[in-house]
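These notes concern the structure reproduced below.
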Amino acid sequence: MERPQRDQSPVTRPDRFRIPAQIALAALVAYGAGFWFTSLFPGYLPKIGALWSAISAIVVTQVTRKETTASASLRVLGSAIGALTSATYLSVLPFHPVGMALAIFATVTICTALNVPSHGRLAAITVIVVMVTASLDPRLNPGLNALLRLAESCIGTGVALLAVWLWPDLSAQTGGDDSTNQT
């Protein structure tokens, strides 16, 4: 049986609590911001907006600032591609699990064609969220539903970036091994 691969970024002693705290705080703030934002659109499920924003913050927050910034670009572009694909599908056809799978296939194919295959997974997750949200209330406008999911993803991404960039860099202050990676 293969051993799981370890992360490439070393975690120093100060980071053992910094990273979980950043993730928890980013998720909390993103949840609140996502709920507030989505509640501005009556009937568009603020708890889904809160959930999607919090998930985005968790996905984007990484061990180093550099990795978080790279993850943010993956998140935003992937979410944009997934939102566009699912909005297009839902503008023509109603939600169906097979249709969702076809939209995921198309989304990952688009990412590969654009030479950003690593964005495909996050784009596919966005397709699922947009389409399942549409299945909860088929009266939702497909374009606005997809645009809200993209905006919520951007909210969570922005909160994660702020959390990582505003948090004191204790490993640099203590001479930790990864202080050079925090740029």
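Every value quoted in this text rests on a predicted model; they were computed, and no experiment measured them. Hydrogens, waters and symmetry mates are skipped; everything else that's a heavy atom, side chains included, is used.
Taking a 4.5 Å side-chain heavy-atom cut-off between Ile, Leu, Val, Met, Phe, Trp and Tyr, the cluster of Leu162 extends to Leu166.
In this structure, Ser135 contributes its side chain and Val132 its backbone to a donor-acceptor pair below 3.5 Å. Side-chain atoms of Thr69 come within 3.5 Å of backbone N or O of Arg65 as a donor-acceptor pair. Looking at Ser153, its side chain never comes within 3.5 Å of a backbone N or O of Arg149 through a donor-acceptor pair. In this structure a side-chain-to-backbone donor-acceptor pair under 3.5 Å is missing from Ser53 to Ala50.
Across all non-hydrogen atoms, the minimal contact from Thr133 to Ile48 is OG1-CG2, 3.5 Å. Summarising the geometry of Ala30 relative to Ile155, their closest heavy-atom pair is O-CG2, 4.4 Å, with the distance given to 0.1 Å. Of all the heavy atoms in Asp137 and Gly43, the pair that sits closest is OD2-O, 4.2 Å. A pairwise comparison of heavy atoms in Gly82 and Val127 identifies O-CG2, 3.5 Å as the closest pair. Of all heavy-atom pairs between Val63 and Arg18, the closest is O-NH2, 3.0 Å. Across all non-hydrogen atoms, the minimal contact from Thr61 to Ala160 is OG1-CB, 3.3 Å.
In this structure, Val116 is not a member of the same hydrophobic cluster as Leu122, with clusters built from ILVMFWY side-chain heavy atoms closer than 4.5 Å. Put simply, Ile128 and Met131 are part of the same group of oily side chains (I, L, V, M, F, W, Y) that touch within less than 4.5 Å, one to the next. A chain of hydrophobic side-chain contacts below 4.5 Å, direct or via other Ile, Leu, Val, Met, Phe, Trp or Tyr residues, connects Leu74 to Trp52. Hydrophobic clustering (ILVMFWY, side-chain heavy atoms < 4.5 Å, transitive): Leu144 and Trp36 are in one cluster. A chain of hydrophobic side-chain contacts below 4.5 Å, direct or via other Ile, Leu, Val, Met, Phe, Trp or Tyr residues, connects Val129 to Ile55.
If you check the side chains of Thr38 and Glu152, you find a donor sitting under 3.5 Å from an acceptor.
How far CZ of Arg75 is from CG of Leu150: 10.0 Å, rounded to the nearest 0.5 Å. From Leu84, atom CG reaches atom OG1 of Thr126 across 11.5 Å, with rounding to the nearest 0.5 Å. Atom CG of Asn145 is separated from atom CG of Leu140 by 5.5 Å, given to the nearest 0.5 angstrom. Atoms CG and CG, on Leu45 and Leu148 in that order, are 9.5 Å from each other to the nearest 0.5 Å. Once rounded to the nearest 0.5 Å, the distance linking SG of Cys111 with CZ of Arg121 reads 10.5 Å. To the nearest 0.5 angstrom, Ser71 atom OG is 8.5 Å from Leu161 atom CG.
Listed by chain and number, the residues in a ring-ring contact (aromatic ring centres under 6.0 Å, His included) with Phe41 are Phe37 (sequence neighbours excluded).
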Between side-chain atoms of residues 94-108 and protein atoms elsewhere (two or more places apart, or another chain), which donor-acceptor pairs fall under 3.5 Å?
from   : atom 1 : to     : atom 2 : distance (Å)
His96  : ND1    : Val98  : N      : 3.0
Thr107 : OG1    : Thr85  : OG1    : 3.3
Thr107 : OG1    : Ala103 : O      : 2.7

